[in-house]
Novice: 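Below is one structure. I have some questions about it.
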Amino acid sequence: MIGCDCAVCRSSDPRDKRLRSSVYIETPETAFIVDTGTDFRTQALRENIRRVDAVVFTHSHTDHIMGFDDLRRFSWQRGSMPVYASAKTMADLERVFMFAFKGSNPFPGYLKPEPHLVSGPFFLGETKVTPLPVPHGNAEVNGYLFTRSYRKTDLQSVRPAELHSAETKTGKEGMLSQAADKMSAGRTGPNAVFQHDRKLIAYLSDCSAVPDEIAQKIFGVECLVIDALREKPHPTHLSVAQALEVASRIQPKETYFIHIAHELAQSFEQNLPPHTHIAYDGLKLRF
């Protein structure tokens, strides 16, 4: 935090040096980012991101949209930039970045948004993206569930996600890559082919509660990425205790806390239950 001398702000642990929350997802078919925060340019340069095929927004608060114009590099490469957001968030984007959405005779290198309103599940490549509306104080924002389908003759052979951290990297960005088999619905018999949908990531970056219907929709997800601002309660974000309660209802294989305030040090992770982690900038997850 600007002008703060607390133990976390002055920590020598590089994992305590945090930029705004976002996630970069790469699959065999496509690459996309969730939110373009104020630090998007810094994060993209640090992680050497060369490809963005779409951007998905959770909501329109400043810390999630103010890097929007830096998408112009990727928009120029592909001719336009597909933008996925709820109707309210899209209206805010169109207002704040009117020069991009309403510009007349724009220069070829300018950002050219291609709006797509999110009112239900949609696909980016072969990844199904399901919006998860959750309260964020008095506002409603979208979390997202990312699902991939696989073809297996024996569902028992579906391996769990390989979750690991990159030792040498430091944005709260994740990577979804190395997906396995492509899917087709199957036949029956001794060598039957079954379609299996893997709930890979539930991303809930900003929320003050998770309704039961949303918890049921993402129950058993392989990786829960969830808001856990600090230990002390907050009116618009989950506290650590609240995030742990949500995780107990969802029962993910692994849980990562994000959108963390400077009151919570990386070292606090040692106090968390097994398979529960504090995310850090540059964290990589492979599935």
Side-chain angles (χ1 to χ4, degrees), residues 19-133 140-149 171-179 182 200-201 203 205-206:
L19 302 178
R20 275 78 164 189
S21 298
S22 65
V23 60
Y24 177 75
I25 296 178
E26 187 176 60
T27 74
E29 316 87 43
T30 189
F32 56 96
I33 191 162
V34 180
D35 290 338
T36 55
T38 314
D39 303 307
F40 174 58
R41 179 178 182 275
T42 298
Q43 293 165 327
L45 288 170
R46 186 197 61 221
E47 300 301 323
N48 195 28
I49 292 175
R50 299 300 183 96
R51 176 184 177 186
V52 175
D53 298 311
V55 58
V56 181
F57 283 99
T58 59
H59 63 303
S60 58
H61 286 175
T62 298
D63 56 329
H64 292 262
I65 70 169
M66 281 303 173
F68 184 74
D69 189 54
D70 287 315
L71 288 166
R72 65 169 60 194
R73 171 63 172 171
F74 307 105
S75 172
W76 172 78
Q77 288 174 330
R78 62 186 316 284
S80 65
M81 178 55 60
V83 177
Y84 293 82
S86 69
K88 182 182 184 309
T89 298
M90 191 70 75
D92 287 341
L93 289 170
E94 291 176 351
R95 173 178 53 82
V96 175
F97 301 103
M98 184 181 294
F99 65 89
F101 285 90
K102 306 295 184 182
S104 59
N105 193 28
F107 185 76
Y110 286 1
L111 172 60
K112 297 179 181 179
E114 179 188 308
H116 297 270
L117 294 182
V118 174
S119 58
F122 59 97
F123 280 85
L124 291 173
E126 295 184 19
T127 301
K128 184 178 181 181
V129 184
T130 302
L132 305 170
E140 182 179 81
V141 307
N142 275 344
Y144 291 97
L145 172 65
F146 302 102
T147 307
R148 300 273 296 188
S149 294
K172 295 185 176 66
E173 296 177 340
M175 182 180 294
L176 164 60
S177 63
Q178 298 179 350
K182 296 181 180 179
L200 295 176
I201 302 174
Y203 186 74
S205 66
D206 293 65

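Everything quoted here is computed from the prediction, not taken from an experiment. Quick note: residue numbers are just sequence positions, from 1.
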Novice: Does Val129 reach the side chain of Tyr84, with side-chain heavy atoms less than 4.5 Å apart?
Specialist: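 Val129 vs Tyr84: side chains apart.
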Novice: Drop me the distance from Ser205's OG to His64's NE2, to the nearest 0.5 angstrom.
Specialist: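 It comes to 4.5 Å.
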Novice: How many angstroms lie between CG in Asp39 and CZ in Arg46, if you round to the nearest 0.5 Å?
Specialist: 9.0 Å
Novice: Looking only at non-hydrogen atoms, find the nearest pair between Ser86 and Asn142 and report the distance.
Specialist: CB-ND2, 4.0 Å
Novice: Is Pro121 close to Tyr144 at the side-chain level, that is, under 4.5 Å between some pair of heavy atoms?
Specialist: no
Novice: Side-chain contact test, heavy atoms from C-beta onward, threshold under 4.5 Å: evaluate it for Asp35 versus Arg20 and give yes or no.
Specialist: no
Novice: Under the rule for salt bridge (Lys or Arg N to Asp or Glu O under 4.0 Å), what residues qualify as partners of Arg73, not counting sequence neighbours?
Specialist: none
Novice: Kindly indicate, with the supporting measurements, whether the criterion side chain to side chain donor-acceptor pair (under 3.5 Å) is fulfilled by Thr30 and Thr27.
Specialist: CA-CA 5 Å; Thr30 189; Thr27 74; 5.6 Å; no
Novice: Between Glu29 and Arg51, is the closest basic N to carboxylate O distance under 4.0 Å?
Specialist: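 Here Arg51 does not pair with Glu29 in a salt bridge, since their nearest N and O are not under 4.0 Å apart.
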Novice: Is any side-chain heavy atom of Met66 closer than 4.5 Å to one of Val96?
Specialist: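 Sidechains of Met66 and Val96: in contact.
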Novice: With heavy-atom distances below 4.5 Å as the criterion, would you say the side chains of Asp53 and Arg78 are in contact?
Specialist: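 A side-chain contact under 4.5 Å exists here.
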Novice: Rounded to the nearest 0.5 Å, what's the gap from CG on Leu124 to CD1 on Ile25? Could you check?
Specialist: 9.0 Å
Novice: Please report the interatomic distance CD1(Ile201) to CG(Leu145), rounded to the nearest 0.5 Å.
Specialist: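 Those atoms lie 9.5 Å apart.
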Novice: Considering non-hydrogen atoms only, spot the tightest contact between Phe57 and Ala85 and give its length.
Specialist: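 Looking at all heavy atoms of both residues, the shortest contact is CB-CB, 4.1 Å.
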Novice: Can you confirm whether Tyr203 sits close enough to Leu132 that some side-chain heavy atom of one is under 4.5 Å from a side-chain heavy atom of the other?
Specialist: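 They are not in side-chain contact.
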Novice: In the structure I gave you, are the side-chain heavy atoms of Met81 and Val55 within less than 4.5 Å of one another anywhere?
Specialist: yes
Novice: Evaluate the side-chain proximity of Val52 to Leu71: yes if any heavy-atom separation is below 4.5 Å, no if none is.
Specialist: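 Yes. Closest side-chain heavy atoms under 4.5 Å.
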Novice: Distance from Phe146 atom CZ to Lys128 atom NZ, nearest 0.5 Å?
Specialist: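 Spacing of CZ (Phe146) from NZ (Lys128) equals 13.5 Å.
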Novice: Assess whether side chain to side chain contact (heavy atoms under 4.5 Å, CB included) is satisfied between Thr127 and Thr147, documenting all intermediate values.
Specialist: CA-CA 6 Å; Thr127 301; Thr147 307; over 6 Å; no
Novice: Quick check: closest heavy atoms across Arg148 and Pro28, and the distance to 0.1 Å?
Specialist: NH2-CD, 3.7 Å
Novice: Can a donor-acceptor pair be found, under 3.5 Å and without considering hydrogens, that links the side chain of Thr38 to the backbone of Asp63?
Specialist: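 No, because the side chain of Thr38 does not come within donor-acceptor range (under 3.5 Å) of the backbone of Asp63.
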Novice: So, for Val83 and Met90, which heavy atoms are closest and what is the spacing to 0.1 Å?
Specialist: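 That closest heavy-atom pairing would be O-CE, 3.3 Å.
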Novice: Can you tell me how far the CD1 atom of Ile33 sits from the CD atom of Gln43, to the nearest 0.5 Å?
Specialist: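 Rounded to the nearest 0.5 Å, the CD1-CD separation comes out at 6.5 Å.
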Novice: Which pair of non-hydrogen atoms, one from Ser80 and one from Glu114, has the smallest distance, and what is that distance?
Specialist: OG-OE1, 2.9 Å
Novice: Can you classify the ring geometry of Phe101 versus Phe68 as parallel (below 30°), tilted (30 to 60°) or perpendicular (above 60°)?
Specialist: parallel
